[in-house]
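Step one of this worksheet: look at the structure below.
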Amino acid sequence: MSEKALKDLNTLPESERKNESFSNGNFTKPQNKNIGESLGEGHRENPAPIVEASVTTNGVANSGPAVGVVEVEYIESENLNDLEDVDKSLKAILLGLDSKDWVSVCEALNNVRRLSLFHKQVMLDTLGNVISLVVKSLKNPRSAVCKTACMTSSDIFKAYGDEMIDSLDPLLVQLLLKSSQDKRFVCEAAEGALISMTSWVSPALLLPKLQPYLKNRNPRIRAKASMCFSRSVPRLDIEGIKAYGIDKLIEIAVAQLSDQLPESREAARTLLLELQTMYEKFHHLSKSDVSEDAEVTSWEHFCQSKLSPINAQAVLRVTNIVREGLVLGS
């Protein structure tokens with residue numbers, strides 16, 4: 001994890017610039033323009049352009065920007081259409097992402113989504129640069145850009161999976177921040193991107209990336225990281241569990257049981273139950289002697305033999321209470 005990524009984690013993003021106001025679900029930007037950002041799900045694929053009009057001064061017609069309305073539509077992945085000119089869009093993608101015009105940035109982000117979903121191979125060579133500029137958009141104080149960048153991140157995870165692992169760190173930092181500290185509709189988009197990440201990036205590659213954030217000083221970052229970790233572990237196969245070490249995974253979960261936020265604690269309990277199920281399934285499949293002492297291979301014995309007494313007690317309290325609840329409810 002880069003030093004820059006760690007620095008970003010300790011910097012709270014600005015919610016909005018001072019010259020932006022929020023009213024009736026729309027953002028309005030002054031400076032001779034009235035620009036609204038639609039907060040609902042849209043169906044149109046391109047924002048309406050700012051109107052150019054002729055302005056007459058002393059009988060002379062001058063060309064200049066007129067008052068117009070720009071709507072940014074949030075398009076679900078399944079509603080995206082393919083690009084008409086792939087080569088042209090690819091050549092313009094980096095320039096668009098780095099534009100100072102936020103509308104152009106949103107258009108470029110949606111084109112990144114289209115390229116990822118319909119033409120993933122053509123963007124492979126520039127994927128690292130594209131992701132760097134998506135990260136820049138995630139830091140943008142304008143919420144429309146930020147949400148579109150979150151949606152773009154989700155599609156990148158789905159399209160490229162493990163192929164973008166080398167560029168993951170700065171993207172992961174910003175998504176954890178946005179999912180925990182920003183406006184609700186941005187939070188939801190960031191959480192969707194994190195779910196996509198845990199669904200499409202291999203847990204063997206992802207878990208080491210997530211682990212440092214489980215100890216972050218920001219409790220909300222820890223909570224979001226814990227939830228990602230808990231979702232990713234069950235995707236490990238038996239060999240993956242053995243390689244990572246089930247006792248190590250249990251220790252990680254135990255450390256989150258006493259966290260100050262309930263999301264972290266709940267993620268830890270869920271993870272411990274998953275690990276118990278995996279352990280019992282593994283030992284059930286690997287039994288070669290039917291007369292083997294069941295007590296020796298039990299979950300309780302394993303925890304007591306591998307963990308400190310206080311940690312073993314904490315784990316068994318969680319797993320036994322849930323199991324007893326299932327028995328009583330059956």
Inspect the contact between [Y] and [X] and indicate whether a charged nitrogen and a carboxylate oxygen are less than 4.0 angstrom apart.
X	Y	result
Arg113	Asp155	yes
Asp169	Lys209	yes
Lys248	Glu251	no

For Tyr160 and Ile165, what are the C-alpha separation, side-chain angles and deciding distance, and is it a side chain to side chain contact (heavy atoms under 4.5 Å, CB included)? CA-CA 9 Å; Tyr160 294 100; Ile165 193 68; over 6 Å; no

From [X] [atom1] over to [Y] [atom2], what is the distance, rounded to the nearest 0.5 angstrom?
X	Y	atom1	atom2	answer
Leu214	Ser226	CG	OG	5.0 Å
Phe302	Leu275	CZ	CG	9.0 Å
Leu171	Cys150	CG	SG	9.0 Å

Glu300: partners by side-chain contact (heavy atoms from CB on, under 4.5 Å), with sequence neighbours left out: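 Glu300 satisfies side-chain contact (heavy atoms from CB on, under 4.5 Å) with Ser298, Gln304, Leu316 once adjacent residues are dropped.
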
Parallel, tilted or perpendicular: ring planes of Tyr244 versus Phe229, cut at 30 and 60 degrees: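 Ring orientation, 0 to 90° scale: perpendicular.
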
Backbone N/O of [Y] and side chain of [X]: donor-acceptor pair under 3.5 Å:
X	Y	value
Ser99	Asp101	yes
Ser264	Gln260	no
Arg269	Val318	no
Thr319	Val315	yes

Who passes salt bridge (Lys or Arg N to Asp or Glu O under 4.0 Å) against Arg265, sequence neighbours left out?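 Here no residue qualifies.
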
Sub-4.5 Å side-chain heavy-atom contact between [X] and [Y]:
X	Y	result
Lys178	Cys146	yes
Val254	Ile250	yes
Val233	Pro203	no
Cys228	Met197	yes
Leu210	Leu172	yes

May I ask whether [X] and [Y] are part of the same hydrophobic cluster, defined by side-chain heavy atoms of I, L, V, M, F, W, Y residues being less than 4.5 angstrom apart, directly or through others?
X	Y	answer
Leu206	Met227	no
Leu257	Leu261	no
Val122	Leu95	no

Residue among Ile221, Leu194, Val186, Ile195 satisfying side-chain contact (heavy atoms from CB on, under 4.5 Å) with Ser179: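 Among Ile221, Leu194, Val186, Ile195, the one that satisfies the side-chain contact (heavy atoms from CB on, under 4.5 Å) with Ser179 is Leu194.
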
If you look only at pairs with a residue in residues 220-231, which of them pass as a salt bridge (charged side-chain N to carboxylate O under 4.0 Å, His left out), with sequence neighbours excluded?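 As it turns out, the salt bridge (charged side-chain N to carboxylate O under 4.0 Å, His left out) pairs with a partner in residues 220-231, which skip direct neighbours, are Glu191-Lys224, Arg222-Asp259.
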
Determine, stepwise, if the pair Met123 / Ser116 fulfils side chain to side chain contact (heavy atoms under 4.5 Å, CB included). CA-CA 7 Å; Met123 206 167 63; Ser116 298; 3.3 Å; yes

Residues Glu239, Lys242; criterion side chain to side chain contact (heavy atoms under 4.5 Å, CB included); working and verdict: CA-CA 5 Å; Glu239 292 304 316; Lys242 290 171 63 178; 3.9 Å; yes

Assess the residue pair Trp200 and Phe157 against the criterion (ring pair (Phe, Tyr, Trp, His ring centres under 6.0 Å)); give the C-alpha distance rounded to whole Å, side-chain angles, the decisive distance to 0.1 Å, and a yes or no. CA-CA 6 Å; Trp200 297 102; Phe157 287 130; over 10 Å; no

Go through the steps to decide whether Lys136 and Asp98 satisfy the test salt bridge (Lys or Arg N to Asp or Glu O under 4.0 Å), and finish with yes or no. CA-CA 8 Å; Lys136 180 181 177 181; Asp98 205 25; 2.5 Å; yes

